[in-house]
Amino acid sequence: MDFLDSLRARYQQYTRDMQAAKKASPNGGFLGLGSDPRKSPCNQAFYDDVGKWVDELLLRNPRREEIFAATEYILQAPIGRERELTYGFLFAAQAHCRRLIPYLTPEERASIWAWYDRAFPKNKRLPVHTEIAALLSGVPAKKTLFL
């Protein structure tokens, strides 16, 4: 199994874990009944696992193509899954790309930026996604004040 396959396997396992958590709690926290699968420990375990995978990738002195493929996979993972329970943590796991993007060429960043900006518009981005957008686009994020 190549390194990217091990990343895909982690994402697939997370989907299975969330499906199992949902089956275990058919009411899914409805009206405070049952346990809410959105609060399952598998969410944080998945997030941490992706972070460890990125650590391992960077320690093994990867080729730029591997970094590009991993960045693209992690950033694209939430697309089309907005109605699934896994969406929030798939979106959150994009934060790990902040460590990968600096290794990409300007052309690779531009390639990813071309679809990222459309897939995750400004009004849907959290602060970490604004950082990702800045890294990809090369345009520093504007500081905003919340009054």
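One is the number of the first residue; the rest follow in order along the sequence. Just so you know, these numbers come straight off a predicted model, no measurement behind them. Just so it is clear, the values below take in all heavy atoms, side chains as well, and ignore hydrogens, waters and symmetry mates.
The side chain to side chain contact (heavy atoms under 4.5 Å, CB included) test applied to Ile74 returns Leu7, Tyr11, Val50, Val54, Cys97, Leu100, not counting sequence neighbours. Residues passing the side chain to side chain contact (heavy atoms under 4.5 Å, CB included) test with Arg98 are Ala95, Val128, Glu131, Ile132, Leu135, sequence neighbours excluded. The side chain to side chain contact (heavy atoms under 4.5 Å, CB included) test applied to Glu82 returns Tyr87, not counting sequence neighbours. Taking the side chain to side chain contact (heavy atoms under 4.5 Å, CB included) definition, one finds that Arg81 meets it with Thr15, Glu84, Thr86, Leu90, sequence neighbours left out. Applying the salt bridge (Lys or Arg N to Asp or Glu O under 4.0 Å) test to Asp49 and every residue at least two apart in sequence or in another chain returns Arg10.
Arg118 places a side-chain N or O within donor-acceptor distance of the main-chain N or O of Ala114, the cut-off being under 3.5 Å. No donor-acceptor pair closer than 3.5 Å links the side chain of Ser111 to the backbone N or O of Glu107.
Here the closest heavy-atom approach between residue Arg109 and residue Pro102 is recorded as NH2-O, 3.1 Å. Across Met18 and Cys42, no two heavy atoms sit closer than the pair SD-SG, 3.4 Å.
Contact check for Glu72 versus Trp115: side-chain heavy atoms found under the 4.5 Å cut-off.
Note: Leu104 CG to Leu136 CG = 7.5 Å, rounded to the nearest 0.5 Å. Atoms CD1 and CD, on Ile112 and Gln76 in that order, are 8.0 Å from each other to the nearest 0.5 Å. How far CG of Leu85 is from OH of Tyr14: 8.0 Å, rounded to the nearest 0.5 Å. Between Trp113 atom CH2 and Ile101 atom CD1 the span is 10.0 Å, to the nearest 0.5 Å.
Ring to ring, Phe91 and His129 are close: their centroids are under 6.0 angstrom apart.
For the pair Lys52 and Asp55, the salt-bridge criterion is not met [side-chain N within less than 4.0 Å of a carboxylate O].
Arg16 and Gln13 share a side-chain donor-acceptor pair at under 3.5 Å.
If you run ring pair (Phe, Tyr, Trp, His ring centres under 6.0 Å) between His96 and each of Tyr47, Phe89, Trp53, only Tyr47 comes through.
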- Task: Start with the C-alpha distance between Phe3 and Arg60, add both sets of side-chain angles, then the distance that settles side-chain contact (heavy atoms from CB on, under 4.5 Å), and finish with yes or no.
- Result: CA-CA 10 Å; Phe3 215 62; Arg60 59 185 279 271; 3.5 Å; yes
Determine all donor-acceptor pairs shorter than 3.5 Å in which one atom belongs to a side chain in residues 119-126; sequence neighbours excluded.
residue, atom, partner, partner atom, Å
Arg125, NE, Phe120, O, 2.7
Arg125, NH2, Asp117, OD1, 2.5
Arg125, NH2, Phe120, O, 3.0

